[in-house]
Amino acid sequence: MCDYALEVESLSKNFENFALKDVSFKLPVGYIMGFVGRNGAGKSTTVKSILNIIEPDGGSVKVFGEDMAANEIRLKKTIAYSSGTFESFPSAETDKFARIYASFYDNFDFGRYENLKKRFDLNGKKKLKTLSAGMRVKFSVALALSHEAKLFIFDEPTSGLDPVARDEMLDLFREIVEGGDKSVLFSTHITSDLDKCADYLTVIDDGKVYASGVKDEIIASHAVIGGKTATDEIKRVAIGYKQTSLGYTALVKKSDLPKDGCEYSNPPDIEQLLLYVSKGNKNGESAL
C-alpha cells in the first residue's frame, strides 16, 4: 500500500490577479491534514486544481501513488469531495440526489446510506437548499461513506457552523481515519479546528505554501518573541512583527532566534502562526 493518500507537487495556476505558485505537500495515509490560510490565500483554488475542476497550468497530483491526470475517472471513485453547497441541484430532495450520486459509483451501498441517514438524523425528503450548513456537511459525509471513499477532501467544511456542530464535524473527521486506511484533507481559516483534530498542517498564503508537515513539528520550529524594541537583527529574521508603545512581538524560526533584544520566547499557536505569515513581512513594517 502506498504511504501517501495525496501527493501534490509544484502545482501552479495563473489568473489575472492571482496565481498558485509551486504548491507542494504530502498527506500520509490514515491522517488528517488541515489546509489553512486566510480568505483568498489559494485554498479553494488548490483543492479544485487537485481535483481538476480547475485545470492547473503545471505540476502533478498523485492519489495513493497513482497519477491523477492519467487515471482521473478511476481515482475519483476513491475520493469524496465536498464544498457543502450542492449548487447544481439545490431543489433536489436528499434521497433523489443520493440516487444521482450513486450512479457514479459501482459500490454505492444504499443500506449503509440509510443507516448513516439515521445516525445523522437526515430527512430524505428535505430539499438540499433547505439544509443547514452542518446538515449539508453531514449529508456529504453520508454519501462519501456509502461508496467507501478513501480520501476525503472538504473545502471549508466548518465555516458557518455553530461551536457544537463544528465539534461534531471534527469528531467525525477523527472517526473517519480511525481505521488507518482513510485520510482527510480539509481547508479552513478557523485555526481552532486544527488544534482539535489535525495531525498534519499545510499553511498557504498568497498562492504559496509557507510550511507543510507534522503540525506539532511546525509549531515547535517557531517562536513568538517579545521585548521593548525590535532590533535590526529581529527585523531581519522576523517572519512578521508588531511594534507598539509597550514593546514588540514577533514570530521567528527557532533556528533564527536573535541573540539580543529578546526578553521572552514562547511557542506560537496556529492562529499566531497564520497571522504573522499572512500579514507579516521582512521590511520592518507592522504585522498588524
Side-chain angles (χ1 to χ4, degrees), residues 1-9 11 23-35 43-44 46-54 56 59-84 86 97-98 100-117 119-120 136-158 168-188 193-194 197-202 212-215:
M1 184 177 180
C2 180
D3 292 335
Y4 296 101
L6 180 65
E7 298 171 80
V8 179
E9 183 67 33
L11 201 64
V23 170
S24 300
F25 60 86
K26 295 180 179 181
L27 169 58
V29 174
Y31 292 94
I32 299 171
M33 174 178 280
F35 188 40
K43 301 187 300 297
S44 292
T46 299
V47 168
K48 290 177 180 178
S49 296
I50 288 170
L51 295 168
N52 209 30
I53 297 171
I54 295 174
S60 65
V61 175
K62 290 183 179 179
V63 176
F64 296 101
E66 297 189 72
D67 184 71
M68 182 68 165
N71 304 281
E72 181 176 352
I73 294 176
R74 179 167 56 81
L75 290 176
K76 280 188 173 179
K77 293 181 183 294
T78 69
I79 299 172
Y81 164 67
S82 175
S83 62
F86 300 106
F97 183 86
I100 295 170
Y101 183 93
S103 67
F104 293 95
Y105 300 95
D106 299 332
N107 60 345
F108 193 91
D109 185 338
F110 278 98
R112 182 164 176 75
Y113 169 69
E114 290 297 330
N115 290 334
L116 288 163
K117 274 174 57 183
R119 174 184 171 180
F120 296 151
R136 287 198 298 270
V137 175
K138 287 182 178 181
F139 179 56
S140 296
V141 172
L143 293 175
L145 290 174
S146 297
H147 72 86
E148 296 298 330
K150 297 296 184 182
L151 173 60
F152 292 73
I153 300 178
F154 298 105
D155 194 3
E156 298 280 359
T158 60
E168 289 177 350
M169 286 299 99
L170 300 178
D171 285 341
L172 183 58
F173 293 168
R174 286 189 288 265
E175 184 178 327
I176 287 172
V177 302
E178 275 181 358
D181 62 339
K182 297 179 177 68
S183 305
V184 173
L185 172 72
F186 75 100
S187 68
T188 186
D193 290 348
L194 305 172
C197 77
D199 306 297
Y200 285 76
L201 184 67
T202 295
S212 184
V214 177
K215 178 186 69 178

task = Test Met68 against every option in Asn52, Leu6, Ile79 by the side chain to side chain contact (heavy atoms under 4.5 Å, CB included) rule and name the one that passes.
result =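 Among the candidates, only Ile79 passes.
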
Would you say the side chain of [Y] lies within less than 4.5 Å of the side chain of [X], judging by non-hydrogen atoms?
| X | Y | answer |
| --- | --- | --- |
| Lys48 | Ile153 | no |
| Tyr200 | Pro28 | yes |
| Leu11 | Ile50 | yes |
| Ser24 | Glu9 | yes |
| Phe25 | Thr46 | yes |
| Met33 | Thr202 | yes |
| Tyr4 | Val63 | no |

Once side chain to side chain donor-acceptor pair (under 3.5 Å) is applied, do any residues pair with [X], and if so which ones, sequence neighbours excluded?
| X | value |
| --- | --- |
| Ser44 | Asp155 |
| Thr78 | none |
| Glu168 | Lys138 |
| Arg112 | none |

Testing the basics here: between [X] and [Y], what is the closest heavy-atom pair and its distance to 0.1 Å?
| X | Y | value |
| --- | --- | --- |
| Glu72 | Leu51 | OE2-O, 3.8 Å |
| Val177 | Gly30 | CB-O, 3.7 Å |
| Ser82 | Ser140 | OG-OG, 2.8 Å |
| Leu194 | Gly34 | CD2-CA, 3.4 Å |
| Ala5 | Ser183 | CB-OG, 3.3 Å |
| Cys2 | Val29 | O-CG2, 3.4 Å |

- Assess whether atom NZ of Lys62 is packed by more than 12 heavy atoms of other residues, nucleotides or ligands within 6.0 Å.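 Incorrect, the count does not exceed 12.
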
Ser187 side chain to Glu156 main-chain N or O, any donor-acceptor pair under 3.5 Å?
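Present.
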
Check for a donor-acceptor pair, side chain of Lys26 on one end and backbone N or O of Glu7 on the other, with a separation under 3.5 Å.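 No; judged by distance alone, with no hydrogens or angles, the pair does not exist.
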
Do NZ/NE/NH1/NH2 and the carboxylate oxygens of Glu178 and Arg174 come within less than 4.0 Å?
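Salt bridge between Glu178 and Arg174, a charged N being under 4.0 Å from a carboxylate O: no.
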
Item to check | NZ/NE/NH1/NH2 to OD/OE distance under 4.0 Å, Arg119 and Glu175 | outcome: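 Yes.
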
Quick one: do Leu172 and Phe120 satisfy side-chain contact (heavy atoms from CB on, under 4.5 Å)? Show the steps, please. CA-CA 11 Å; Leu172 183 58; Phe120 296 151; 3.9 Å; yes

- Would you say the side-chain atoms of Asn107 and Glu148 include a donor-acceptor pair closer than 3.5 Å?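 Short answer, no.
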
Are His147 and Tyr101 linked by a side-chain donor-acceptor pair shorter than 3.5 Å?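 Result is yes, a qualifying pair exists.
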
List the steps and the verdict of side-chain contact (heavy atoms from CB on, under 4.5 Å) for Lys182 and Phe152.
CA-CA 8 Å; Lys182 297 179 177 68; Phe152 292 73; 3.8 Å; yes

**Study point:** side-chain contact (heavy atoms from CB on, under 4.5 Å) evaluation trace for Phe186 with Asp193
**Key:** CA-CA 10 Å; Phe186 75 100; Asp193 290 348; 4.2 Å; yes

Q. Is the Phe154 to Phe173 ring centre distance short of 6.0 Å?
A.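 Yes, the ring centres sit under 6.0 Å apart.
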
Between Phe139 and Phe97, is the side-chain contact (heavy atoms from CB on, under 4.5 Å) condition met? List the steps.
CA-CA 10 Å; Phe139 179 56; Phe97 183 86; 3.7 Å; yes

All side chain to side chain contact (heavy atoms under 4.5 Å, CB included) counterparts of Glu66, not counting sequence neighbours: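 Partners of Glu66 by the side chain to side chain contact (heavy atoms under 4.5 Å, CB included) criterion, ordered by chain and then number, come out as Asn71, Arg74, Leu75.
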
* Hey, what do you get for CD1 (Ile32) to CG (Leu201), rounding to the nearest 0.5 Å? ->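 The CD1 atom of Ile32 sits 12.5 Å away from the CG atom of Leu201.
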
What's the spacing between Cys197 SG and Met169 CE if we round to 0.5 Å?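 Rounded to the nearest 0.5 Å, the SG-CE separation comes out at 11.5 Å.
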
Legend entry - Results of salt bridge (charged side-chain N to carboxylate O under 4.0 Å, His left out) for Lys150 - residues two or more places apart only: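 In terms of salt bridge (charged side-chain N to carboxylate O under 4.0 Å, His left out), with neighbours along the sequence ignored, Lys150 is linked to Asp181.
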
